[in-house]
Amino acid sequence: MKFETGSRFWITTTVIVVLFSLFFIGQHLLHAIGIKRDIARLQREGAQYRARIVEDSTLVERLRYDDYLEEFARERFHMQRAGEKVYLLKD
């Protein structure tokens, strides 16, 4: 009779330890999955920012020339020369 009580104790203890282990492993697994998603999102954002840097660098290089600078100012900021009339047409 005493042997069976000891056996139940060890089975119960083992089940409790296994359940706690699975709980903590599950929490860490979910945390790791969240971190991997964050890393993937940040890498995509990094790629977008690198592409934007390339575009902006190209724009800065082009703005060094007066001809393009004037064209850029006219198109982007609707600037005009003195005495010049500009008509804006919307599509």
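Both backbone and side-chain heavy atoms feed into the values below; hydrogens, waters and symmetry mates do not.
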Residues joined to I35 in its hydrophobic cluster, side chain to side chain under 4.5 Å directly or through other members, sorted by chain and number, are I39
Can you name the salt bridge (Lys or Arg N to Asp or Glu O under 4.0 Å) partners of R52, sequence neighbours left out?
D56
side-chain contact (heavy atoms from CB on, under 4.5 Å) involving I25 - partner list, sequence neighbours excluded
none
Residues forming a side chain to side chain donor-acceptor pair (under 3.5 Å) with E70, sequence neighbours excluded
R74, R81
L29: hydrophobic cluster co-members (side-chain, 4.5 Å)
I33
Going by side-chain contact (heavy atoms from CB on, under 4.5 Å), name the residues that satisfy it together with L19, two or more places apart in sequence or in a different chain.
V15
Partners passing side-chain contact (heavy atoms from CB on, under 4.5 Å) against L59 (at least two apart in sequence or in another chain):
L63, Y68, F72
To which residues is F23 joined in a hydrophobic cluster, defined by side-chain heavy-atom contacts under 4.5 Å among Ile, Leu, Val, Met, Phe, Trp and Tyr, whether direct or through other members?
I16, F20, F24
Among all residues two or more places apart in sequence or in another chain, which pass the side chain to side chain donor-acceptor pair (under 3.5 Å) test with E61?
none
The criterion is salt bridge (Lys or Arg N to Asp or Glu O under 4.0 Å); which residues satisfy it with D66, sequence neighbours excluded?
none
Considering residues at least two apart in sequence or located in another chain, which fulfil the side chain to side chain donor-acceptor pair (under 3.5 Å) criterion with R41?
E45
Under the side-chain contact (heavy atoms from CB on, under 4.5 Å) rule, collect the residues that match up with L30, sequence neighbours excluded.
none
